[in-house]
Amino acid sequence: MPELPEVETMRRGLAPVVGLRIAAVRFPRGLVRPLSVRPRPHVVAARLVGHAIATVGRRGKRVVLGIAAPPAEPHAWLVIEPRMTGLMLLADPPTAEHVRLVVDLESSAAGPSRPSLRMLFWDRRGLGTIRLFDARSLESVCGAARLGPDGLLVTGEELAARLGSSRRAIKVALLDQRAVAGVGNIYAAEILHRVGIDPRMACRSIPLAGWQAIANATRLVLAEAVRFAGSSIGDRTYRAVDGRPGRFQHRHRVYGREGLACATCGGSVTRIVQAQRSTFFCPGCQPRGRRGAGGRRPDRSGRTRTAGIR
DNA sequence: CGTTCAACCTGGGCGC
DNA sequence: TGCGCCCAGGTTGAAC
């Protein structure tokens, strides 16, 4: 479930935990797959308790909490990867039985007291992971070798350098976190629709102007989705840390809209399967092998659109 | 190099 | 109502 906009919304929502001391850590018994927590839960707990959460960050689709003994810099990193159904919560969980991690936080010893907080990781399917790293080993998992440039910042040159010679279909390639970090199945579809490119188009046939347009659309769509607090499709899906759903699903142009009219051209949104995953696109706006013709709204950023894609 | 498949899990929705 | 099947926002590793 969570892609970059949802994880970024979690990150922002977790701001209140910064500076708080970890008073207790629990992994409710029997609810965690053996490999989903590393090192072993009791080791993670022992290393966390008594330290403070110094930073809350994000790497691609992962929440990264910096653990420190103030005033020192973080010496450890708690990396939470929500995968399909994971949620970071500062509110009551949707169900009690899928709570995977409980972190009790309290204000640091000195200074005016702050309210204590309980931070939860809730994950219905249990595919998410919780891992603790030291400063050095964080790079092996969240470093440049594993994650490409962040989707909010990626440039056309970076995409072209990483994917320009690939034979893969562009939509499949956009899901590769080494190419660009944070794009998932929803936003890959939305990005390609905005830029008018057929999701089946081979990367190697996309010229530089096309990569620039894709990068522009990637930043634009992801930033807009962040502004709308991500996408929540259905009752039991993504929620922000306060339990409120996102609102970007109302602005989806193709994802989940099979058979419905494309708001841009009136054509019928189509669903295909690529790499075992659904791809939604509009054949009218995203004609095979070429860029979309006119008729779409101008890019508000004012940047050049896809001129030059043959 | 790229694709396909299975696996990790739970649960909602649908057809019968 | 119940059963079986397909679907789901992610990632990984094996097989071809």
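None of these values were measured; they are calculated from a predicted model. Protein chains get the first letters and strands the later ones, always in sequence-line order, with residue 1 at the start of each. FYI, side chains are in, hydrogens and waters are out, and symmetry mates aren't considered; it's all heavy atoms of this structure.
Summarising the local packing, CD of A:Glu139 is surrounded by more than 12 heavy atoms from other residues, nucleotides or ligands at distances under 6.0 Å. For A:Asp242, the CG atom is densely surrounded, since the number of other residues' heavy atoms within 6.0 Å is greater than 12.
Here the P atom of nucleotide B:dG12 and the CZ atom of A:Arg236 are 5 Å apart, to the nearest Å. When the P atom of C:dC6 is taken as reference, atom CD of A:Glu258 falls 16 Å away, rounded to whole Å.
Helical stems in DNA chain B, defined as runs of 3 or more consecutive Watson-Crick or G-U wobble pairs with both donor-acceptor distances under 3.5 Å, are listed by first residue as B:2-8 with C:10-16, B:10-16 with C:2-8.
For the P atoms, the distance from B:dG11 to C:dT11 is 22 Å, rounded to whole Å. With P as the reference atom, C:dC3 and B:dC8 are 24 Å apart, rounded to whole Å.
Taking 4.0 angstrom as the limit, A:Ser278 places a side-chain polar atom (N or O) nearer than this to OP1 or OP2 of C:dA8. OP1 or OP2 of B:dC9 has not a single side-chain nitrogen or oxygen of A:His98 nearer than 4.0 Å.
Within the 4.0 angstrom heavy-atom criterion, no nucleotide atom of any strand lies near A:Thr95. Counting non-hydrogen atoms under 4.0 angstrom, A:Tyr187 reaches nothing in the nucleic acid.
Side chains of A:Gln249 and A:Ser232: a donor-acceptor N/O pair is absent below 3.5 angstrom, by distance only. For the residue pair A:Ser278/A:Arg271, the side-chain donor-acceptor check at 3.5 Å is satisfied. In this structure, a donor-acceptor pair under 3.5 Å is present between the side chains of A:Thr95 and A:Trp122.
Ion pairing between A:Lys61 and A:Glu3 fails under the 4.0 Å rule for side-chain N and carboxylate O. Using a 4.0 Å cut-off between charged side-chain N and carboxylate O, A:Arg83 and A:Asp123 make no salt bridge.
Screening residues 175-189 of chain A for side chain to side chain donor-acceptor pair (under 3.5 Å) gives A:Glu6-A:Tyr187, A:Arg168-A:Asp176, A:Lys171-A:Asn185, A:Asp176-A:Arg178, A:Tyr187-A:Ser231 as the qualifying pairs, with residues at least two apart or on separate chains. For the side chain to side chain donor-acceptor pair (under 3.5 Å) condition, the pairs that include at least one residue of residues 152-163 of chain A, sequence neighbours left out, are A:Thr155-A:Glu158, A:Glu157-A:Gln212.
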Query raised in the report: What does nucleotides 10-16 of chain C look like as a protein-contact string, B for base, S for sugar-phosphate only, - for none, at under 4.0 angstrom between heavy atoms?
Result: BSS----
At a cut-off of 3.5 Å, list every protein nitrogen or oxygen paired with a nitrogen or oxygen from nucleotides 1-4 of chain B, distance to 0.1 Å.
from, atom 1, to, atom 2, distance (Å)
B:dG2, OP1, A:Ser166, OG, 3.1
B:dG2, OP1, A:Arg167, N, 3.1

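Side-chain contact between A:Arg21 and A:Ile53 is absent, with no heavy-atom pair separated by less than 4.5 Å.
Applying the salt bridge (charged side-chain N to carboxylate O under 4.0 Å, His left out) rule to A:Glu190 yields no partners; only residues at least two apart in sequence or on another chain are considered.
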